[in-house]
Amino acid sequence: MTTIPVSPAKIHISDKIASAVYEGLMSRPRWLPSWLFYDAAGSRLFDEITRISEYYVTRTERKILAEHCAEIVERAAGDNVLRIVELGAGSADKTRLLLTAAADRQNTVFYEPVDVSASALVEAQLRIEDELPGVIVCPRVQDYTQDLELDSTLPSERRLLLYIGSSIGNFEPGDSLMLLERVRAAVEPGDCFLLGVDLVKAEPVLQAAYDDAGGVTAAFNRNVLVRLNRELDADFDPATFAHRAEWNPAESRMEMHLVSAKKQEVWLPGIDLRVKFEVGESIHTENSYKYKPGAAEALLEKAGFAPEQTWTDEQGWFAVVLARAV
Ligand code: AVJ
């Protein structure tokens, strides 16, 4: 009689990761979902990316919000008390700008960050309640890409729901519409939605932003293989995969790929999978959609929101759109 050995990795891996990796690596072309980037190391690397000179996204949106946060809050609130909901556990200083503007108008602001990660929420809560005494944080552990359920509000209250940072850029067109429709179903008519989208711009600017000279984005991309080695017991050699960033004009998106520099075979015991790579064969790891002017407003309208105002930077690189649930 032989006993079948069970690898400890098999017991601890989450089904969500295992099934996504299995499906993606079995496909041709091979792909991995971009949410896999954000383990602890990946989140730190992304944080580093937001401070890189080539990565215009974060600082451009921050500048727009810094300039217009009072107006945004004013428009959203009208004569009502504002309650701020955010999809994601707070975009640090960008969220702080809006919370501060709201706290300037009313004694207390309720802030509900919605995130799958309980630890990210605890961190956000501690930071915000420490820095902004007028803000009461009510965290919600929820996967907003699956379902969204918010606390009910008083008649005198109005929600301002934030989805900033170009997070929507990672969703395929059909999925982004579904997400906005789900948001619409979770709020009341009159509630507001603030959406931050990255806009189409000159290719060299995009290229540099997703392939910085310091190699931080390359490390961020390769980190997904480090994660699979740890969590699925895989034997990827990240150094044998080149980072490639590419503008896809037909789909209006930046793509990231990991390109095998040699013919090789990778073994992922955690999902019982062997994957062969030819020289130059790649894994597609991310789509980052870039919107044409007016496209975000059209999408919001389709989802049941009336776009009220769009703010952009002087170069027209990024747009922040305020829309009202109808
Ligand atoms: C976090 C999805 C907004 O698409 O620009 C940064 C992720 N990828 N560099 C983006 C990312 C490569 C980022 N988002």
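First listed ligand is number 1; within each ligand, the first listed atom is number 1. Basis for what follows: all heavy atoms, side chains included, without hydrogens, waters or symmetry-related copies.
Heavy atoms of F37 stay at 4.0 angstrom or farther from ligand 1.
At a threshold of 4.5 Å between non-hydrogen side-chain atoms, the residues T153 and V81 do not count as touching. Side-chain atoms of R230 and D39, non-hydrogen and from C-beta on, do get closer than 4.5 Å to each other.
Within the 4.0 Å heavy-atom criterion, the part of F220 lying near ligand 1 is the side chain and not the backbone. Only the side chain of E286 comes within contact range of ligand 1, with a heavy atom under 4.0 Å; no backbone atom does.
Looking only at protein heavy atoms, the nearest one to atom 3 (C) of ligand 1 is G165 O, 3.1 Å.
Taking any N or O of T217, backbone or side chain, none lies under 3.5 Å from an N or O belonging to ligand 1.
Taken from CG in L154 to CZ in F110, the straight-line distance is 9.0 Å, to the nearest 0.5 Å.
Below 4.0 Å from some heavy atom of S288 lie the following atoms of ligand 1, by number and element: 4 (O), 5 (O), 10 (C). Every atom of ligand 1 is numbered from 1 in the order shown, and the set under 4.0 Å from a heavy atom of Y55 is 3 (C), 5 (O), 6 (C), 9 (N), 10 (C), 13 (C). The atoms of ligand 1 that sit less than 4.0 Å from any heavy atom of Y38 are 1 (C), 7 (C). Atom numbering of ligand 1 starts at 1 in the shown order; those under 4.0 Å from a heavy atom of N170 are 2 (C).
Side-chain contact, T145 with D143: a donor N or O sits under 3.5 Å from an acceptor N or O. No hydrogens or angles considered: a donor-acceptor pair under 3.5 Å links the side chains of E71 and Q309. Residues S260 and K262 have side chains that never bring a donor and an acceptor to within less than 3.5 angstrom of each other.
Checked against the 6.0 Å centroid criterion, the rings of Y163 and Y144 qualify as a close aromatic pair.
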